[in-house]
There are 2 protein chains.
Amino acid sequence: MSSTTRVPQEERTRVMRHRLLEATVDCLVEVGFARTSTTLVSQRAGVSRGAQLHHFPTKNDLVLAAVEHLTRLRGDELAAAADKLPTGERRTRAVLRMLGDHFASPVFTAALELWVAARTDPGLLEAVGPLEQRVGRETHRLTVDLLGIDESQPGNRELVQATLDLVRGLGLADTISDDARRRGRILDRWADQLDGSIATSTRADSAARASTRADSAKKEKK
Amino acid sequence: MSSTTRVPQEERTRVMRHRLLEATVDCLVEVGFARTSTTLVSQRAGVSRGAQLHHFPTKNDLVLAAVEHLTRLRGDELAAAADKLPTGERRTRAVLRMLGDHFASPVFTAALELWVAARTDPGLLEAVGPLEQRVGRETHRLTVDLLGIDESQPGNRELVQATLDLVRGLGLADTISDDARRRGRILDRWADQLDGSIATSTRADSAARASTRADSAKKEKK
DNA sequence: GCAAAAAAAGACAGGCTTGACTGTTTGTTG
DNA sequence: CAACAAACAGTCAAGCCTGTCTTTTTTTGC
């Protein structure tokens, strides 16, 4: 009875792999990397163990694919959040809050699990390292664009890096003691700090500042 | 016969437990929490499995004791580093570098492993949570004291918190891509930021502020 | 339609970890 | 010094995880 619904194999493969990768990320968030067993993933994905092994012969294959998947997820989430940013006053605060929220989201938690696991797993590190570096660079550039910062000014680059390391630290703290209010206060304070410092060192021209903001604000809306 | 060397049982117990806890911390750093098996710990400690099970009946008992041990270690290391700090010029830089070094040290790495593991382990979280909170408070106080910050001034408390979250983020980044130079640059920049901000918000004395700025302008050549 | 290939399902063995259990040595107490 | 308790040593079974293997179903090419 092949009369029910004919699904092309390409589509089936795509769906299966996607379900497995999503389940893997879910497991990373919910039970951590250590307890994320292949059996658990297949159960959560609603995929038979045989099918799983067919698409990802080894656990390493699955995890490596999950790393790439997660990298894509993080990029998308950041871009989407950046699109929703308001323009105008308190731009810096909004940007920082957006970053803070991202580094407290489940995708960051999953990335953290992989991050920590990769430290003592050479094979995983080989995959996580470069990708994390790429995400880091992209996030850096995004932040620079969103805030309209002139990196040619000495010290500004370090200031952006510090900001990103700060939100990373906040994200880490958030994983075991979620305190959004504390995070908000700290980020607001840092935004003031940034505004004061950046204003005096780079943006003498407020018109250019406004245009940069408007420009980076309107990304295509897919 | 008691001809060899008489060792009191209390001392034996103390030594055994200490060796096991040290080995546990070592394993956390070298292979991570996930692969830290009781067998591995007993091997590394040079303690028989039976003896281990005698002192720590379950793995949970061992890990919980290791958490406390590690907390003590971190406190001691911080206090020791604080004592060695130079006084006088560039105080802020020295303090930040000290914090940065601590959050890039093996004890922090071990704590990070427990931290991440605790997120998905209720029993562990129950032990790690309060202790981490305590260490956090102590570190905060230490930083405030070392930098001579007046927390009654609005915003200063958040600035110290941001500083600690920053070094935490730097420590996390350090675990998979050790880049001490980058860390140094960022912390120096942050120190300048702190000096400028704290000066204006707590010390109305503009002479102190000017000297601080002149100080931060000339980079050290190490 | 039919054969071949891909996809999916599930059983099975080998390796590792944990904690219970039994036996041995060493220190303490009367 | 004798009895008791604590410390120490090592074996064993149960459970889980991974990856191989065989079997069944579905899709594709002819």
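So that the names make sense, note that chain A is the first sequence line, chain B the second, and so on, each numbered from 1.
- Following rounding to the nearest Å, B:Gln43 (CD) and C:dC16 (P) show an atom-to-atom distance of 11 Å.
- Across the protein-nucleic acid pair, B:Gln52 atom CD and C:dG19 atom P stand 10 Å apart, rounded to whole Å.
- The phosphate of C:dT17 (OP1 or OP2) has a side-chain N or O of B:Ser37 nearer than 4.0 angstrom.
- Ring planes of A:His18 and A:His69: perpendicular class, angle over 60° (limits at 30 and 60°).
- Identified under the salt bridge (Lys or Arg N to Asp or Glu O under 4.0 Å) test for residues 25-52 of chain A, with sequence neighbours left out: A:Glu30-A:Arg44, A:Arg35-B:Asp121.
- In this structure, CD in B:Gln43 is found 9.0 Å from SG in B:Cys27, a value given to the nearest 0.5 Å.
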Practice problem: Apply the test salt bridge (charged side-chain N to carboxylate O under 4.0 Å, His left out) to residues A:Arg183 and A:Asp101: give CA-CA distance (whole Å), side-chain angles for both, the deciding distance (0.1 Å), then the verdict. | Solution: CA-CA 9 Å; A:Arg183 205 168 67 236; A:Asp101 287 345; 3.3 Å; yes
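- To the nearest 0.5 Å, atom CG of residue B:Leu124 and atom CG of residue B:Asn60 are 7.5 Å apart.
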Quiz item: How does protein reach along nucleotides 8-14 of chain D, written 5' to 3' as B (base within reach of a heavy atom under 4.0 Å), S (only sugar-phosphate), or - (no contact)?
Solution: SBB----
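- One interatomic measurement links the two molecules: CZ of B:Phe33 to P of C:dT17, which rounds to 14 Å at whole-angstrom precision.
- Remark: P of D:dT20 and CZ of A:Phe56 are 16 Å apart, rounded to the nearest angstrom.
- Following rounding to the nearest Å, A:Arg35 (CZ) and D:dC17 (P) show an atom-to-atom distance of 11 Å.
- For the pair B:Arg44 CZ and C:dT17 P, the interatomic distance rounds to 13 Å; values are reported in whole Å.
- Between B:Thr38 and C:dT18 there is a side-chain polar atom (N or O) within less than 4.0 angstrom of OP1 or OP2.
- Not a single donor-acceptor pair under 3.5 Å links the side chain of B:Arg168 to the backbone N or O of A:Gly171.
- Nucleic acid contact class of A:Thr39 (heavy atoms, under 4.0 Å, all strands): base.
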